[in-house]
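Structure first, commentary second.
Positions are given from 1 along the sequence. All values below were derived from every heavy atom in this structure, side-chain atoms included, with hydrogens, water molecules and symmetry-related copies excluded. Order of listing sets the numbers, starting from 1, for every ligand and every atom in it.
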Amino acid sequence: MRATSNQGSKMESTGLEIRELPRHVAIIMDGNGRWAKKRFLPRTAGHQAGVSAVRNTIECCVEKGIGVLTLFAFSSENWRRPQKEVSVLMKLFFSTLEKETEKMLENGVRLRVIGDRNAFSEELQRRIAETERATWGNDKLNLLIAANYGGRWDILQAMRHIAADVEKGVLSASAVTAELLESYLSFADLPGPDLFIRTGGEQRISNFTLWQLAYTELYFTPTLWPDFDKHSFTEALKDFAGRQRRFGLTGEQIESRTERSVLAGS
Ligand code: IPE
Ligand code: IPE
Ligand code: MG
């Protein structure tokens, strides 16, 4: 079982203390289109406006010492959108990687793209690889951008690799356990998400990290992604800090464990 969250506590800039910080926050950045529509702007203006919310959220994670942030930028199903919107999203992805590399280096951010990148143009694939290489040595925040990502795709690619290893004879079918399957998934080297946030008011997973969300705390907010600021993020963190994660145990078992660890001074 994974450790639940960061040990120590963190002071917010407001002076308020958040006792339990998630180690990994995963966000569905939704509501860009509706944000634009409310302003009689094209949907793509909403995507453009969403970039500052991305920047704010990254900064917030760095300030608070949250180790992993996953942002859902483009799902495997988003290719079905009008071609013009898809093309603007690809261009925005490219230019944001280009513009933000300097800032990522300053902030100690290590970028990794998860998802099937083969569908992207060669130019975009090269840009992704370059940014990953440039930020590889950073260790403050692991930033995972889920692009052409789908939770089903992730499980499927893991199963294909496992099947190939069984076929080669390097793995036996009986060795396929939950832990083994997990080790073939994207970001298996990092802790799974402790806190899932979806902006934009919809209450669904939309094929995000399905396997890894099994015991993640879910938080839904009506705030549209371009309006999601540091205050909104802090609200989500406070909500998370008030939850009791039980992983199938009883509340009493969890409480007595907490008491024991307090007495042991850990
Ligand atoms: C999320 O915002 C961004 C992407 C899916 C790329 P939407 O574009 O889905 O915004 P709404 O849900 O239509 O408002
Ligand atoms: C999920 O949002 C994907 C991203 C935010 C990248 P969608 O807007 O595509 O999800 P649905 O279609 O409302 O479920
Ligand atoms: Mg949407």
Next on the checklist: Please confirm whether Arg80 approaches ligand 2 to less than 4.0 Å, judged on its heavy atoms.
Outcome noted: no
Item to check | Numbering as shown, the atoms of ligand 2 that approach Phe74 to under 4.0 Å (heavy-atom distance) | outcome: 6 (C)
Item to check | Nearest-contact summary for atom 5 (C) of ligand 1 - protein heavy atom, Å | outcome: Arg81 NH2, 3.4 Å
Checklist outcome for this item: Per-atom filter on ligand 1: closer than 4.0 angstrom to a heavy atom of Arg34 are 11 (P), 12 (O), 14 (O)
Checklist entry - Near Ala73, which atoms of ligand 1 are under 4.0 Å from a heavy atom of that residue? => result 6 (C)
Checklist entry - Under 4.0 Å from any heavy atom of Met29, which atoms of ligand 1 are there? => result 1 (C), 2 (O), 3 (C)
Next on the checklist: Suppose we measure from atom 7 (P) of ligand 1 to each protein heavy atom; which comes out shortest, and what is that distance?
Outcome noted: Asp30 OD1, 3.5 Å
Next on the checklist: So, taking the atom named CD in Glu167 and the one named CD1 in Ile162, what distance separates them when rounded to the nearest 0.5 Å?
Outcome noted: 13.5 Å
Checklist entry - Can you list the atoms of ligand 2 that are under 4.0 Å from a heavy atom of Ile28? => result 1 (C), 5 (C)
Checklist entry - If you leave out waters, which protein N, O or S atoms are less than 2.8 Å from the Mg ion (ligand 3)? => result Asp30 OD1
Checklist entry - Looking at Arg43, which atoms of ligand 1 are within less than 4.0 Å of one of its heavy atoms? => result 7 (P), 8 (O), 10 (O), 13 (O)
Item to check | Distance under 6.0 Å and angle within 45° of ring axis: Arg198 vs Phe220 | outcome: no
